[in-house]
Amino acid sequence: MTCLHNRHISPVVLAGLDGSNWRLRDYVARGGYEAMKRILSEKISPDRVIDEVRISGLRGRGGAGFPTGLKWSFMPRRHAGKKYLICNSDEGEPGTFKDRDILRYNPHAVIEGMIIAAYAMGVTIGYNYIHGEIWAEYERFEEAIEEARAAGFLGQRILGSEFSFQLHAFHGYGAYICGEETALIESIEGKKGQPRHKPPFPASVGLYGRPTTINNTETFASVPFVMSMGGAKYAALGKPNNGGSKIFSISGDVELPGNYEVPVGTPFATLLALAGGVRNGKKLKAVIPGGSSSPVVHGDVMMQTDMDYDAIAKAGSMLGSGAVIVLDETRCMVKSLLRLAYFYYEESCGQCTPCREGTGWMYRVIKRIENGEGKSEDLDLLLSIADNIQGRTICAFGDAAAMPVRSFVQNFRSEFEHHIKHGKCMVSPYV
């Protein structure tokens with residue numbers, strides 16, 4: 001069963017894909033590797049490539065939304081010795097499933113994007129760290145690498161140029177924490193996947209102690225299209241400060257869950273309509289717009305909001321990875337939060353005391369509220385625990401665990417109070 005839908009608006013990364021045309025010959029027929037060939041044959045300067053990416057307004061598609069061109073400029077140009085490039089395909093956040101489809105349907109776009117990025121930053125070795133629970137996609141990416149290598153697009157002196165680049169796939173272990181860039185680096189090095197203290201940042205001290213740049217799968221897959229279209233034209237697909245197209249993974253209570261690629265800044269109402277609207281004609285209650293770690297937003301607020309970084313922030317949440325979880329009027333917000341809290345409790349690496357102890361504490365409090373054993377002081381207790389986790393851990397995992405709890409309690413407090421007072425949910429499953 002595929003998650004890919006063809007009802008896209010201005011598709012770029014997913015354009016013309018049907019599940020059977022992922023091989024090198026198909027990608028080349030769509031104009032693939034032409035951007036890379038032009039850069040190498042015309043000896044376009046690395047600075048010019050980075051400038052084009054800057055102009056495009058491409059921001060990191062993994063969640064942070066950091067400007068890609070600016071990130072590339074941090075890589076030290078005159079460093080003596082190896083430098084590394086890593087694609088973060090460790091997609092493990094609930095509701096997020098776009099990167100696995102990119103690897104499945106358009107792996108060569110990721111490869112070409114990494115080659116261009118490596119050229120721009122003077123990198124000779126790259127890795128794609130692929131989530132441990134998606135084996136078929138890992139195998140497909142390995143096949144695509146071999147096709148690219150056989151065609152002379154990877155290896156020594158690519159296409160007769162002075163540029164050399166080797167790329168390897170690395171299969172992870174299924175730990176959500178390895179989506180954090182320094183935990184990912186630790187994992188590649190063969191160590192336990194736990195985040196490092198920063199600074200130093202990976203651009204200075206990354207993989208094997210060398211300068212390293214890490215970008216998301218969708219970010220790299222977008223790069224060939226940026227270079228082919230030109231930065232200004234790509235930027236014009238979206239909005240100012242929110243350039244290009246974005247893949248949104250829509251799940252939950254919609255008629256057609258799946259991946260939809262639309263210009264950044266598309267109204268949420270349009271995106272919801274592409275997904276067939278709320279399932280079974282129910283009313284929209286709430287939306288988690290950027291993956292399970294992003295704060296939940298009331299449905300009526302989302303219907304007035306555009307899907308871009310700035311608009312979602314104004315609505316009180318984050319665009320994040322673009323995983324849109326839709327909740328209809330029958331959903332109990334206490335039970336929904338319980339599921340999320342359990343995930344973060346189970347996935348905490350345990351390195352930081354606030355996260356290690358706090359995630360389990362929040363889960364247990366929410367569980368007793370759901371089971372009809374809640375106390376009147378539990379809601380303020382939950383907010384207090386969340387406050388003492390957020391901003392107090394080595395990595396952003398603590399924030400990811402705390403933000404859903406805070407937003408669910410604050411935005412839907414009456415449901416939690418009803419659970420505590422009456423020992424049951426105020427929402428009827430038969431609405």
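Residues take their numbers from the sequence shown, with the count starting at 1.
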Could you note down all residue pairs passing salt bridge (Lys or Arg N to Asp or Glu O under 4.0 Å) where residues 307-316 supplies at least one of them, sequence neighbours left out?
-> Lys239-Asp308
What pairs meet the ring pair (Phe, Tyr, Trp, His ring centres under 6.0 Å) rule with one or both residues in residues 312-361, with sequence neighbours excluded?
-> Tyr176-Phe343, Tyr176-Tyr344, Tyr342-Tyr363, Tyr344-Phe397, Tyr345-Tyr363
Go through the side-chain N and O atoms of Ser293 and Glu93 and say whether any donor and acceptor fall under 3.5 Å apart.
-> yes
Sorted by chain and residue number, the side chain to side chain contact (heavy atoms under 4.5 Å, CB included) partners of Arg25 (sequence neighbours excluded) come out as Arg23
Assert yes or no for the condition that the ring centre distance of Phe225 to Tyr234 is strictly below 6.0 Å.
-> no
Would you list the pairs meeting salt bridge (Lys or Arg N to Asp or Glu O under 4.0 Å) in which at least one residue belongs to residues 333-361, sequence neighbours left out?
-> none
Among all residues two or more places apart in sequence or in another chain, which pass the ring pair (Phe, Tyr, Trp, His ring centres under 6.0 Å) test with Tyr129?
-> Phe170
Is the gap between the ring centers of Trp22 and His108 under 6.0 Å?
-> no
Side-chain ion pair, Glu180 and Lys198, N-O less than 4.0 Å | yes
For Asp399, salt bridge (charged side-chain N to carboxylate O under 4.0 Å, His left out) partners two or more places apart = none
Of all pairs that satisfy salt bridge (Lys or Arg N to Asp or Glu O under 4.0 Å), the ones with a partner from residues 269-278, not counting sequence neighbours | none
Ring pair (Phe, Tyr, Trp, His ring centres under 6.0 Å) partners of His197, counting only residues at least two apart = none
If you look only at pairs with a residue in residues 212-229, which of them pass as a salt bridge (Lys or Arg N to Asp or Glu O under 4.0 Å), with sequence neighbours excluded?
-> Lys98-Glu218, Glu218-Lys246
Got a sec, which pairs hit side chain to side chain donor-acceptor pair (under 3.5 Å) with one end in residues 401-412, sequence neighbours left out?
-> Asp387-Arg406, Gln390-Arg406
Under the side chain to side chain contact (heavy atoms under 4.5 Å, CB included) test, residues paired with Glu34 that sit two or more places apart | Lys37
Among pairs that include at least one residue of residues 274-327, which meet ring pair (Phe, Tyr, Trp, His ring centres under 6.0 Å), considering only residues two or more places apart or in two chains?
-> His298-Phe412
Among side-chain atoms of Thr219 and Thr68, is any donor-acceptor pair under 3.5 angstrom?
-> no
Between Phe153 and Tyr33, is the ring centre distance below 6.0 Å?
-> yes
